[in-house]
Amino acid sequence: MKHPRCTSTILDEERDLIAGKRDATRLGFAILLKFYTQHGRFPRGRSELPDDVVEHVAKQVRVPASEFGFYEWSGSTIEYHRHQIRTHLGFRTCTTEDAMKLAVWLAEEVAHAERRPERIREELLKHLREERIEPPAPGRISRIVASALHNAEVAWSARIASR
């Protein structure tokens, strides 16, 4: 696995996105961008961001790491940043329709043979990344997995009953 610093290096094509921002906003945006490219989702808070990664990104965008404490974790600015990052990377948020389709897909393609929720969750996250859909909140992921397991069990029971 790559060291977090390697995956937090800002690429040339990312510099244009970052260029128009200043101070804490510049640093916060760059950190969100690099976290998303590595994890396929946004951080849930400052605690998910190692200090050495913040320092590494701060040096690249020429903003003191201490400015990151002033980045707003709620409000229109971060929502706009998230939108810009999703658009740049070709991702979109997970809709209710997506969640229903994902539960069906999981039941048919994964949960019919795999009953361990953690393995089904891994396959779901992999599929979301392939489809360029941002993973929903952990609680929603758990509900999608539970639905897939239930649907696979119902289908299995129906097949047995029809015999």
Side-chain angles (χ1 to χ4, degrees), residues 1-106 109-110 117-148:
M1 184 173 179
K2 291 181 179 177
H3 187 278
R5 280 185 161 195
C6 298
T7 55
S8 61
T9 298
I10 295 170
L11 307 175
D12 288 340
E13 65 266 16
E14 296 168 335
R15 293 197 182 278
D16 287 342
L17 280 174
I18 297 166
K21 295 162 180 55
R22 296 183 7 202
D23 304 325
T25 303
R26 180 183 184 96
L27 178 56
F29 180 88
I31 288 170
L32 288 180
L33 175 62
K34 296 317 301 180
F35 189 94
Y36 200 99
T37 58
Q38 183 178 2
H39 300 283
R41 66 174 178 82
F42 292 108
R44 290 182 184 84
R46 172 66 175 95
S47 62
E48 284 193 272
L49 304 164
D51 291 338
D52 64 329
V53 170
V54 172
E55 283 285 339
H56 182 66
V57 173
K59 286 177 187 168
Q60 293 175 79
V61 297
R62 295 181 177 93
V63 174
S66 59
E67 284 288 312
F68 191 51
F70 298 105
Y71 186 70
E72 294 290 331
W73 285 89
S74 62
S76 60
T77 301
I78 194 169
E79 291 305 318
Y80 181 61
H81 286 175
R82 289 176 175 172
H83 171 75
Q84 283 184 295
I85 291 166
R86 282 186 202 105
T87 301
H88 173 73
L89 297 173
F91 275 75
R92 62 184 177 80
T93 57
C94 185
T95 65
T96 302
E97 185 179 334
D98 289 326
M100 291 187 305
K101 287 179 181 177
L102 289 163
V104 169
W105 176 82
L106 279 173
E109 301 296 325
V110 181
E118 64 278 357
R119 285 288 302 128
I120 295 169
R121 181 182 184 282
E122 288 171 15
E123 289 300 317
L124 172 60
L125 292 173
K126 183 175 139 190
H127 186 70
L128 285 166
R129 194 158 179 96
E130 289 167 358
E131 295 295 314
R132 304 193 84 64
I133 300 171
E134 183 177 318
R140 192 165 183 204
I141 288 176
S142 295
R143 289 190 297 277
I144 293 169
V145 168
S147 176

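Remember, predicted model here, so these are calculated numbers, not experimental data.
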- Is Ile144 close to Pro136 at the side-chain level, that is, under 4.5 Å between some pair of heavy atoms? yes
- Item | Under 3.5 Å: donor-acceptor pair, side chain of Arg132, backbone of Leu89 | yes
- Task: Give a yes or no on whether the backbone of Arg143 and the side-chain of Arg140 come within a donor-acceptor separation of less than 3.5 Å.
- Result: no
- Message: With a sphere of 6.0 Å drawn around CZ of Arg121, does it hold more than 12 non-hydrogen atoms of other residues, nucleotides or ligands?
- Response: no
- Item | Atom CZ of Arg62 with >12 non-hydrogen neighbours under 6.0 angstrom | no
- Message: Can you confirm whether Glu130 is buried at CD, in the sense that more than 12 heavy atoms of other residues, nucleotides or ligands lie under 6.0 Å from that atom?
- Response: yes
- Query: Does the pair Leu49 and Phe68 meet the rule for a side chain to side chain contact (heavy atoms under 4.5 Å, CB included), with working shown?
  - Reply: CA-CA 11 Å; Leu49 304 164; Phe68 191 51; 3.5 Å; yes
- Query: Just by distance, with hydrogens left out, do Lys34 and Gln60 show a side-chain donor and acceptor under 3.5 Å apart?
  - Reply: no
- Does any non-hydrogen side-chain atom of Ile78 lie less than 4.5 Å from one of Leu32? yes
- Other residues, nucleotides, ligands: >12 heavy atoms within 6.0 Å of Arg15 CZ: yes
- Query: Got a second to check how far Asp12's CG is from Glu14's CD, nearest 0.5 Å?
  - Reply: 9.0 Å
- Does the Arg82 side chain pair with the main chain of Phe42, one donor and one acceptor, at a distance under 3.5 Å? no
- Between Glu123 and Arg119, is there a salt bridge with N-O shorter than 4.0 Å? yes
- Task: Provide the closest heavy-atom pair for Val53 versus Ser8 in the form atom of the first, atom of the second, distance.
- Result: CG1-CB, 3.8 Å
- Task: Among Ile85, Ile10, Leu11, find the one that has a side-chain contact (heavy atoms from CB on, under 4.5 Å) with Leu33.
- Result: Ile85
- Rounded to the nearest 0.5 Å, how far apart are CZ of Phe91 and CZ of Arg41? 12.5 Å
- Query: Around His39, counting heavy atoms of other residues, nucleotides and ligands shown, do more than 12 lie under 6.0 Å from its NE2?
  - Reply: yes
- Message: Within the structure provided, determine whether Glu134 and Leu128 are in side-chain contact (heavy-atom separation under 4.5 Å).
- Response: no
- Item | pair Arg22-Val61: side-chain heavy atoms closer than 4.5 Å | no
- Message: Between Glu131 and Lys101 (salt bridge meaning N to carboxylate O under 4.0 Å), is one present in this structure?
- Response: no
- Message: Would you say that Leu102 contacts Cys94 through its side chain, given a criterion of any heavy-atom pair below 4.5 Å between the two side chains?
- Response: yes
- Message: With heavy-atom distances below 4.5 Å as the criterion, would you say the side chains of Thr9 and His56 are in contact?
- Response: yes
- Message: Quick check against the 3.5 Å criterion: does Glu67 have a side-chain atom that pairs as donor or acceptor with the backbone of Ala58?
- Response: no
- Query: Does atom CD of Glu72 have more than 12 heavy-atom neighbours from other groups under 6.0 Å away?
  - Reply: no
- Query: Is the gap between the ring centers of His81 and Tyr71 under 6.0 Å?
  - Reply: yes
- Message: So, taking the atom named CD1 in Ile31 and the one named CD in Glu48, what distance separates them when rounded to the nearest 0.5 Å?
- Response: 13.0 Å
- Message: Give me the atom names and distance for the closest heavy-atom approach of Ala103 to Ala148.
- Response: O-CB, 3.6 Å
- Name the orientation class of the two ring planes belonging to Trp105 and His127 (parallel below 30°, tilted from 30 to 60°, perpendicular beyond 60°). parallel
- Item | Heavy-atom pair of closest approach, residues Val63 and Ala24 | CG1-N, 4.5 Å
